[in-house]
Engineer: 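Take a look at the following structure, please.
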Amino acid sequence: MAPKKDVDPQAAKKTKKKASSKKPDPAPNDAFDDPVDILLRPANQLDLSEKQLEEEITKQLTANNPNAPSNIARYNTAEKAFKFEPMVDQLVMHYATNGFLLHNESDEATRQVALVELETKTMADWVLSIDPAAAKKADGADRGSGDGEKADGDTKVDGDDAKEERDDDRDDADAGERVDEPGKDVEHSGDDSKQLRNQFNFADRASQTVNHPARDRSSETEPPATSDFGGAATQWNIYDAYMEDQHRLALQKEMQKKQKQQAKDAAQGGDESGKNANAGDAADARLKKKPELMASLPMTKAVRVMERMVNQNSYDDIAQDFKYWEDQSDQFREGEGTLLPLWKFYNEKAKRRHVTAICWNPEYHDLFAVGYGSFDFVKQMSGLICCYSLKNPSHPEYAFTTDSGVMCLDFHPQHSSLLCVGLYDGSVLVYDVRNKANRPIRRCDVKTGKHTDPVWQVKWAPLDLSEKDLKFYSVSSDGRVTRWQMSKSELVFQDVMELKLVSDTGGEGDDVSVKGELDENDASLGALAGGCCVDFNKQQDHLFIVGTEEGRIHKCSTAYNSQYIETYRGHHMAVYTTKWNEHAPNVFISASADWTVKLWDHLFSKPAMSFDLNAAVGDVAWSPTSNTTFAAVTSDGKVFVYDLHENKHEPMCEQKIVRKAKLTKIAFNPKHPIILVGDDRGCVTSLKLSPNLRKGNNDPSRLEALVEVALKGEE
C-alpha cells in the first residue's frame, strides 16, 4: 500500500472543523487514488477530555418487556389486603410456528425410526414368502453392488462366473417345461413357485365342479307361557293378601259343609253301614288333604312376628318412651302431672267414623278393641271393629265389619276371646276373635228380642258356676235393660228392667219411684226413659245402675224388676257414663252432657262431689292402680285427670290432645300406666301418665273417707 502523505496539524484541525460544519465533498472518481479516512461527528456530540474518555462506565442490560405492567395488585387472603405483585412475566413471543423436525436423540424420533425399520423388515419377509427367487436376486444385486464398491470400481467379471450365471438363467427358464423322471434327482431352481411339487406325472390343470348348495333347516315350536310381575311388599298389601286367603279358606269350608250336608241328605234313605262308610271316606280325605303353606299356622305366626319386628324398629323411639320414660319435672312440682303422647292408631277404613267404644282385653294387656260408628243419627254408616296391639300400631290384628254402626263393645272377663257388640240398629252380636271369618257366632233378630233403638252399652255378667251358659246385659234408648243368654245356637233374651219415666215431684226421703210414676195415660202410650249406660257393682252382682237421657240415674236389681231401688237426681242432661269403683263398692261416678262429673255414694241420693269441666263430658274412667284417681274427656279435645287424695277441687292434669276434634271415649290399661282416648275422626291416641298421676293405691278407706267428709259438708 502507498504511504500516507504528511499533513500539517493545524491544517488538520481546520479541516476537521470544516468537516464538522460542512458536508464532505464527494470522493473523486479516480480509482487509483488512496482512500482518505474522514471522522464524522454528530452535531450534538459532547466534547470529552482524554481522562473522561478513558473512564470505564459499567451498564447492565436486562431483557424487560417495556409493555409489561408494573403495577399489578392482588388480594392477599392471609393479610386481608391488596399487595403489589413483584414478579411480572417479561416474556414476549415475537414469532412462533409449529415445526415437523425432530431431534435424533428424542424419544419420538427413536420410535419413528424403529417403526420404519419394522415396516421395511416386514415388507422384505413378505416378498421373500411370495417370490424367493426375486428376493435372492435382489439380495445378490445388493451384495454385488457392495462388492463392486469395495473393489474401487473394478468391474471385471470372470468368464466362468458369467457362464454359470447364464446357465442358471437357462435352467430357470426351462424349469417349468421339465418333468421329473423316476429314479433321478432333479435340482430345484430358486423359484419355488414355478416348481412342480407333485410326485406323480401330472400336469396342472384347472376344472370347475358342481357344489351342492347348503340348506338350512329350522323348525318352530311354541315357547312355554311366561309372565312378568312385580310389586311392593307393604304392610297393607300383606294384610290384604292375608285376608283374601282367609276369605277363600272360609268359602271352601262353607262349600265343604254344604257338600257334606247334601251327601247326608241324599244318604238318609240308605242303611247305617253306607253312612258309616261315607263318613269314614270323608274323614280319610280330610286327613289326607295337606294344608297350604302360605295359609298354615306356622307361616302365619312367622309373618306376624316379622311384621311386629319391623314396626318395633320403625317406632323404636316411642317404644323406648313407653318402657323407660319418666317425667323428671314431677319432682319439682307437687300436685301436677303430664301426659306423654305415644302411638296413634288409625285405619283408613275408619275414616269419617267416630270412636264409639274402647275396651282392653283382660288377658292380653297389649290388646284392645275399638268400635267405630257415628253419634250423629243423620250420618249413619256401616260399623267397624278393630283389635289393635301395642306391639303393632300400624295395622289392626283383627277387623270385623257390621251392617250398622258399632255403639259399644265388651270383652268377657274370663273368656278373653269373646266380644259382645251393640249396634245402632238395636242388634247385639257376639264375636270370637279367634275365628277369622267376618261374621259373629251369635246374633239377635226381631224374633229373638232385638232392640228397636240404638244399643248404648253392653256388659258381661259375672260368671255363675251354677249355670253353663254365658250371659251379658244391654241397655238401649227403647227403655229396656235386657239380659242375653248364649244357648247352643242362638241368643235367648229376657227383659230385666223397663226404664219408666219419673217426675220431679218427690220430696226427700219419699219413695220417688212410686210417687213419681206418670199417670196411666202416659204409661199406656209406652212412655219409657231412654237408657244410655249401665254398670254392675263389683261385689254385689245383682246391683246395677242405669243412666238415662233425662239425666236420672237409677239403681236397680236383677232380682227385683218391678221398680227402681233408688233414683239419683243431679244431672240436667243425658248421662253418658256411669262407673262403679272396683275397690270401694259404695262409690260410683257419672259423666253427663251438662259439663259435669259427679261422685256418688249409692246410699245417698245426692252427689258427694261435682266437677265442672266447661264442656260436654264424653266419658269417664277409674284408674286401676289408684281408687282416688279418675280421668275424663270432653268435647273440646281435653283430658282431665283428678286425684282426690291430692286435690279435691282442681285436676292434676288438664291437657289438650287433639285440635278441631271431640274426644269421645277413654280407657285405662289394667297393667301399664297407659290411657287410650278416641275422637270423632276415627283416631285413637295412647298417652303415658307421669309419676305424679299414679301415686295412689287401692286402699278403699281413703276414698270412703273422702266421700264421707264431702257428704257431711253438704249437710
Side-chain angles (χ1 to χ4, degrees), residues 229-253 289-323 342-350 355 357-372 384-402 406 409 411-412 415-419 421 430-441 667 669-672 674 676 678 682-686:
F229 64 92
T234 57
Q235 295 176 0
W236 47 88
N237 289 338
I238 295 174
Y239 176 77
D240 292 340
Y242 173 75
M243 293 306 297
E244 288 178 2
D245 186 67
Q246 294 299 320
H247 183 64
R248 181 179 57 80
L249 292 177
L251 292 177
Q252 288 181 357
K253 290 181 180 179
K289 183 179 179 181
K290 295 182 179 180
E292 294 185 7
L293 178 62
M294 297 304 296
S296 61
L297 184 61
M299 186 65 181
T300 304
K301 184 178 180 180
V303 170
R304 186 172 299 175
V305 171
M306 183 176 64
E307 184 182 11
R308 289 186 177 183
M309 291 174 63
V310 172
N311 280 281
Q312 187 174 1
N313 292 335
S314 301
Y315 301 98
D316 181 66
D317 51 347
I318 300 179
Q320 296 294 331
D321 290 341
F322 163 72
K323 195 172 183 69
L342 297 178
W343 299 282
K344 287 190 176 182
F345 302 88
Y346 183 75
N347 191 3
E348 285 294 332
K349 296 181 180 179
V355 177
I358 300 176
C359 182
W360 287 96
N361 191 281
E363 182 178 357
Y364 302 99
H365 301 304
D366 63 309
L367 184 68
F368 62 93
V370 182
Y372 297 94
L384 179 67
I385 303 170
C386 293
C387 295
Y388 289 97
S389 174
L390 297 179
K391 300 177 182 178
N392 184 12
S394 63
H395 201 275
E397 298 290 326
Y398 311 101
F400 309 97
T401 57
T402 59
V406 177
L409 48 82
F411 275 113
H412 196 282
H415 304 280
S416 58
S417 62
L418 294 180
L419 181 68
V421 181
V430 178
Y431 284 92
D432 189 349
V433 295
R434 297 173 300 181
N435 189 4
K436 306 300 182 182
N438 188 16
R439 63 177 183 274
I441 59 176
N669 187 283
K671 182 179 179 180
H672 305 291
I674 300 294
L676 297 175
C683 181
V684 177
T685 306
S686 58

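Values reported hereafter were calculated over all heavy atoms of this structure, with side chains retained and with hydrogens, waters and symmetry mates removed.
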Engineer: Take atom OH of Tyr346 as the centre, draw a 6.0 Å sphere, and report whether it contains more than 12 heavy atoms from other residues, nucleotides or ligands.
Structural biologist: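 Enclosed.
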Engineer: For Asn347 and Pro396, which heavy atoms make the closest approach, and how far apart are they?
Structural biologist: ND2-CG, 4.0 Å
Engineer: With rounding to the nearest 0.5 angstrom, report the CD to CZ distance, Glu307 to Arg304.
Structural biologist: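 Glu307 CD to Arg304 CZ: 8.5 Å, rounded to 0.5 Å.
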Engineer: Evaluate the ring planes of His395 and Tyr239, with Trp represented by its six-membered ring, and classify them as parallel (under 30°), tilted (30 to 60°) or perpendicular (over 60°).
Structural biologist: tilted
Engineer: Quick one: closest heavy-atom pair of Leu384 and Ala350, and the distance?
Structural biologist: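 So the two residues come closest at CD2-N, 3.9 Å.
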Engineer: Would you sort out whether Ile674 and Phe322 count as a side chain to side chain contact (heavy atoms under 4.5 Å, CB included), showing the intermediate values?
Structural biologist: CA-CA 9 Å; Ile674 300 294; Phe322 163 72; 3.6 Å; yes
Engineer: Could you give the distance from CD1 (Ile385) to OH (Tyr372), rounded to the nearest 0.5 Å?
Structural biologist: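 It is 11.0 Å, given to the nearest 0.5 Å.
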Engineer: Taking it one step at a time, do Arg308 and Ser389 satisfy side chain to side chain contact (heavy atoms under 4.5 Å, CB included)?
Structural biologist: CA-CA 10 Å; Arg308 289 186 177 183; Ser389 174; 4.2 Å; yes
Engineer: Check whether Asn361 reaches the backbone of Ser416 with its side chain - one donor and one acceptor, N or O, closer than 3.5 Å.
Structural biologist: yes
Engineer: Should Glu244 and Arg248 be marked as a side chain to side chain contact (heavy atoms under 4.5 Å, CB included) after you check the CA-CA gap, both sets of side-chain angles, and the distance that decides it?
Structural biologist: CA-CA 6 Å; Glu244 288 178 2; Arg248 181 179 57 80; over 6 Å; no
Engineer: Treating Asn669 as the side-chain partner and Trp360 as the backbone partner, does any N or O pair qualify as donor plus acceptor under 3.5 Å?
Structural biologist: no
Engineer: To the nearest 0.5 Å, what is the distance between CZ on Phe345 and OG1 on Thr685?
Structural biologist: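 That separation rounds to 9.0 Å.
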Engineer: Verify, without hydrogens or angle tests, whether Ser417 (side chain) and Asp432 (backbone) share a donor-acceptor contact under 3.5 angstrom.
Structural biologist: no
Engineer: Which pair of heavy atoms, one from His412 and one from Pro362, lies closest together, and at what distance?
Structural biologist: O-CG, 3.3 Å
Engineer: Set out, in order, the CA-CA distance, both residues' side-chain angles and the distance that settles side chain to side chain contact (heavy atoms under 4.5 Å, CB included) for Phe368 and Leu676, then state yes or no.
Structural biologist: CA-CA 10 Å; Phe368 62 93; Leu676 297 175; 3.5 Å; yes
Engineer: Looking at Met309, I want to see if its CE is surrounded by more than 12 non-hydrogen atoms of other residues, nucleotides or ligands under 6.0 Å.
Structural biologist: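 Incorrect, the count does not exceed 12.
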Engineer: Could you measure the distance from the CG atom of Leu390 to the CD1 atom of Ile318? Nearest 0.5 Å is fine.
Structural biologist: 11.5 Å
Engineer: Mind checking what makes ring pair (Phe, Tyr, Trp, His ring centres under 6.0 Å) contact with Tyr431, not counting sequence neighbours?
Structural biologist: Phe400
Engineer: SG/Cys387 to OH/Tyr364 distance, rounded to the nearest 0.5 angstrom?
Structural biologist: 13.0 Å
Engineer: Salt-bridged, Glu397 to Lys391, with N to O below 4.0 Å?
Structural biologist: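 Result for this pair is no, no salt bridge flagged.
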Engineer: Is the number of heavy atoms from other residues, nucleotides or ligands under 6.0 Å of His247 NE2 greater than 12?
Structural biologist: no
Engineer: Quick check: closest heavy atoms across Leu409 and Cys359, and the distance to 0.1 Å?
Structural biologist: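 Residues Leu409 and Cys359, closest heavy atoms: CD1-CB, 3.6 Å.
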Engineer: How many angstroms lie between atom CG of Asn438 and atom OH of Tyr398, to the nearest 0.5 angstrom?
Structural biologist: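 With rounding to 0.5 Å, CG (Asn438) is 14.5 Å from OH (Tyr398).
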